[in-house]
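Just below is one structure, and these are the notes that go with it.
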Amino acid sequence: MSTPVIVGGGLAGAAAGIELARAGRAPLLLEKEAGAHDKICGEFLSGEAVAALTALGVDVRALGAVPITEVEVNAGHRRVAARLPFTAQSVSRRVLDAALLERASAVGVTVQRGVTVREVTARETSRVVVHTSVGEMQTSALLLASGKHEVRGAARAEGPDEIGFKMYFRDAALSRRLAGRVAVTFFDGGYAGLQPVEGGRLNLCLLIDGPQYRALGSWPALLERLCRVPALAALAGAEALLSRPIAIARVPYGHLAAQADDGLWRLGDQAAVIPSFCGDGMAIALESGRLAGAMLAEGASAAEYQRALLMRTRRPVRIAMLALRLTRRPIGRLAAMVGLSAVPSGLAVLARLTRVADPRAVVVAK
Ligand SMILES: Cc1cc2nc3c(=O)[nH]c(=O)nc-3n(C[C@H](O)[C@H](O)[C@H](O)COP(=O)(O)OP(=O)(O)OC[C@H]3O[C@@H](n4cnc5c(N)ncnc54)[C@H](O)[C@@H]3O)c2cc1C
């Protein structure tokens, strides 16, 4: 049996690495970034993501995570708020991903940073050739955990023409108003999440239609436009903490990797992409990594793993896509807000329906 190779040291890759190492099949993990880095993400860690991290040996509270117990949804001048059906946590990906990779190294994963996988070829269930920035290698088990990035030879279909942005802000009054709360705001052409994160900062993460962004032409113009949305107006006086936002284009929301017939183990965003306003992408990444690590160590095939993961991800992704479509049109947003105003507990129900798996069903390493 050759050493398993993991492409990508985000949540999915690191989780798979830890499970494999604990089961005695320590893998090689290749991560293109040489050090800790910011990532585009709302940084809302749902209850089952926190449970998965704890099982992997990472205590997010020790990393300075901020608890989130309430959600508010805004559209126009309407606001609905509810308690979450779990306690979420908020911590920056810069800190979280570095801690998880450190944990992976500590349990025996060989982590090589600054190595980019350029292509995977000659795929058969028994042999994959991995072309990297430092040479070529072969493995019988390739775990593809490159997240939002495509690897030549194994790319997903492109997503719609939408652009994601993330920026950190500091603002004392806004931080007080949002203490313990995530605010999701829908507007014409997109939506934004705003929540406190460690270090007294606020994370603004949003998605906007490509044509609308290009008509605005720049990040300052987009920010000005967002500040005209009632629920985001307070950002006008907030201090931006990054020299420029982190951006991403064409996220393939709704992507669900079908049963693998090429022997690749697809993890995290490479396996399932849930609309980001649900705040469950990280839980899916962790769950898929843990499941892949455990099943590979037990001798399962990539196809068996992909089928098992699909069973857990299909329902939340499809429900989230329905909700996303509803919020795309003003009439849909109005109907949703009127409905939620009448029954605010509907928010908690939606939060529950879009979770990847009951935390009790998460595979726990021996
Ligand atoms: C706008 C937006 C907001 C979001 N907000 C939330 C949220 O609040 N809560 C939530 O739970 N989820 C959220 N998500 C989803 C979440 O960020 C992802 O689902 C999650 O990061 C997926 O983890 P991953 O490990 O699959 O990929 P990633 O976290 O993207 O990690 C992939 C890693 O692979 C590395 N890599 C890529 N290509 C290569 C290569 N060729 N060679 C070597 N290394 C490579 C990258 O450098 C990276 O470190 C959001 C997503 C978006 C787009």
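Whatever order the structure lists ligands and atoms in, that order sets their numbers, starting from 1. Position 1 is the first residue of the sequence; numbering continues from there.
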* To do: Report yes or no: does Val115 have a heavy atom closer than 4.0 Å to ligand 1?
  => yes

* Heteroatom distance test (Glu31, ligand 1): nitrogen or oxygen, under 3.5 angstrom -> yes

* Asked: Applying a 4.0 Å heavy-atom criterion (strictly less than), which segment of Thr132 is in contact with ligand 1: side chain, backbone, both, or neither?
  -> neither

* Determine, using heavy atoms of Arg93 and all atoms of ligand 1, whether some pair is separated by less than 4.0 Å. => yes

* **Pi-cation contact, Phe186 with Arg333 (under 6.0 Å, within 45°)** => no

* Asked: Closer than 4.0 angstrom: is that true for some heavy atom of Leu11 and an atom of ligand 1?
  -> yes

* With a 4.0 Å heavy-atom cut-off (strictly under), which part of Tyr253 contacts ligand 1: side chain, backbone, both or neither? -> side chain

* Structure fact -> In terms of its nearest heavy atom to atom 41 (N) of ligand 1, the top option of Leu100, Val117, Leu101 is Val117

* Taking atom types as modelled and ignoring hydrogens, do the side chains of Thr354 and Asp280 form a donor-acceptor contact shorter than 3.5 angstrom? -> no

* **Ser146 and ligand 1 - part of the residue with a heavy-atom distance under 4.0 Å** => both

* Going by distance only, is there an N or O of Thr116 that falls short of 3.5 Å from an N or O of ligand 1? -> no

* Asked: What about Val151: any of its N or O atoms under 3.5 Å from an N or O on ligand 1?
  -> no

* Asked: Has Ala49 got any heavy atom lying under 4.0 angstrom from an atom of ligand 1?
  -> no

* Asked: Could a heavy atom of Gly164 be found less than 4.0 Å from some atom of ligand 1?
  -> no

* Counting heavy atoms only, which part of Leu207 comes closer than 4.0 Å to ligand 1: side chain, backbone, both or neither? -> neither

* Asked: Does Cys41 approach ligand 1 within less than 4.0 angstrom via side chain, backbone, both or neither, non-hydrogen atoms only?
  -> both

* Give the contacting part of Glu43 toward ligand 1: side chain, backbone, both or neither, where contact means a heavy-atom distance below 4.0 Å. => backbone

* Does an N or O from Asp269, backbone or side chain, lie closer than 3.5 Å to an N or O of ligand 1? -> yes

